[in-house]
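Notes for the one structure printed next.
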Amino acid sequence: MTHDSATIESERHVFQADVARLLHLMVHSIYSERDIFLRELISNAADACEKLRYEANSDPSLLNDGESFAIRVILDKEAGTLTVEDNGVGMSREDLTGALGTIANSGTRLFLEKVAASDKGAAELIGQFGIGFYSTFMVADRVVVETRRAGEGSAWRWSSDGKGEFEIARLDPESAPTHGSRVILHLNEDSKAYLEPAKIESIVAEHSSAVATPIDLLEAPTAEPKRVSEGAALWAKSKSDIAEEQYKEFYQELSGQFDSPALTVHWRAEGRAEYNVLAFVPGSRPFDLFDPARKGRIKLYSRRVLISRDSDLLPGYLRFVRAVVDSPDLPLNVSREMVQESALFAAIKKGVTKRLLQEIGKLAETDSEKFLAIWKNFGPVLKEGLYEDPERRDVLLKMARFATTADADGKRSLAEYVAAMRPNQTAIYYLVGEGAERIAASPQLEGFRARGIDVLLLSDPVDAFWVQTAVGYEGKPFKSATQGASDIKAVDLLDKTTKPEEAAAALPDFIARAKEALASVVEDVRISDRLSQSAACLVAPEFGPDLRLQQILAAHGQSSIEMKPVLEVNPAHPLLVALEKLSKGSAPELFEDAVWLIFDEARLLDGALPKDAAAFAARLTRILSKALGA
Ligand code: ADP
Ligand code: MG
């Protein structure tokens, strides 16, 4: 297989930076999983066939007469080469430098970071990051690509030893395919096992059997081709003819991931819009789930012709779903934008969204373990739907699961919450903030705990947004545990022997003087029902936004009007009893220091900083000095 004599012009190019590191990493850290190079080559070949099938729709002359798409794996023991050949769209000169010379552009750096941080093998990440082609250098000393873009006269020969440079030369059109690519791997010493047909067959069966293009194996360049994979479109088959294993393989092929789908949904919709859908909820989180630039991951077909591989068919809060949608009614020869604007597209979007939520919801009812695994990975994304899609809010609220003060595992549904409400409890209480453990330790929750009232602990960034718009559940309103006068007094304490109302007087002098001292920073000072151990806490005024909500919104660049909080104090706490006495006495400086320290301490507990760090430090020092007799 020497084509050097056939090449005419030749030029050298240098790979982009990072490539050397990437190659080193691939060869050294994923050596044990090097079989995947074949999956990557076959997947690229199948993509190329899909692209040409699409282009040939508007220009049938791109195909030869009676030609059908196939991928060939050709073994050559004498030359020590393994070739993957396709009659797909091929590559132009620009495609070659662009696609094979830059390696997934932005993906590379991310990949390297991810591998460094991950406990998974790098192999699991390769397909996801669009660097599949480079996995060939795990098994080859030299990789040669001979290719011709469909419809073009010139053919090219790309070659590289993967050490930082590649070469592109013009290829004699006579010895080149009419269209398509031939990727020739000169296998390295350690990889000769890939010349064994049985080995190749088993790798294809394991990793590529769900590819929608047939695969042939040739034991030698002149041998009879043997079909090793049928290349049927799985989604077009009937459900009863498909084994679970086939779904799994198809999912892995579609997603480039090696896990199993957490949920597989396959159906045919009939009626005004006709389409087939095969959809998967992945078993693990894609790396870029929260990347704002992440595109939709839905493949759209029209009668098995791929129209778009990254369509935004589903709403953003279902962006983790991987799916194939095939509708005979989707127009083939219009732009992607026009497809996305068509009425049919809208109808499919609605139908698929509804069905997927139905299926996920059903799982929540029938198999909580499976459902919780999905919720754990994708709950924070699904919750975006609570404010983005009011039409589906009820369905989403029904499936939502929460960590609460009574259930730290995050398995509580709102239905369970409502069923366990205490007599006289009127609202579904929540607390938003960062980190479930941290919010669980908030002093504002003491009074709720003492009354056996459960509180939702909302620690996902998205929570701050949906609670603002959610009206309630089963007629019970949502209410922040740190907002307004708490109306939990009507709920009995669990321990009936403590009666805080009688345990302490109402601290009349303290409250009056503290209000004066803190007039510039608080709206009010009052006795709290929320506290049972701590001395004080801050809450939002009745009609102002929740305090933590203000913090989170500010952190996300969304400013809201900052309102003065209310300082609530615990009359049963010895500190307050002492301060009530002090407020009658003649040590106004000490009283003022103490009140300010209580206020700043409450801020600290809320994750904020003291209002004025220097004044805080001075007060603390004065009080400490006094206490220590300094
Ligand atoms: P990805 O497939 O995720 O884009 P790869 O590293 O596998 O990443 O391939 C890089 C690019 O090289 C592909 O996107 C495609 O443009 C091009 N390419 C690779 N193999 C082929 C092929 N057999 N035919 C046409 N183009 C190909
Ligand atoms: Mg690829």
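Treat the numbers as computed from the prediction; the structure is a model and nothing was measured. In listed order, ligands and their atoms are each counted from 1.
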| Contact check: Ser43 to the Mg ion (ligand 2), N/O/S below 2.8 Å | no
| Within less than 4.0 angstrom of ligand 1, does Met91 place any heavy atom? | yes
Between [X] and [Y], how do the two ring planes meet: parallel, tilted or perpendicular, split at 30° and 60°?
X      : Y      : answer
Trp235 : Tyr301 : tilted
Trp158 : Phe166 : parallel
Phe280 : Tyr251 : tilted

| remark: By salt bridge (charged side-chain N to carboxylate O under 4.0 Å, His left out), Glu249 pairs with (sequence neighbours left out) none
| request: Kindly identify the option in Thr136, Asp86, Leu96 whose heavy atom sits closest to atom 23 (N) of ligand 1. | output: Asp86
| For Ala48, the ligand 1 atoms whose distance to one of its heavy atoms is below 4.0 Å | 24 (N), 25 (C)
| said: Any nitrogen or oxygen of Asp47, side chain or backbone, less than 3.5 Å from one on ligand 1? | reply: no
| query | Listed by chain and number, what are the ring-ring contact (aromatic ring centres under 6.0 Å, His included) partners of Phe69, not counting sequence neighbours? | reply | none
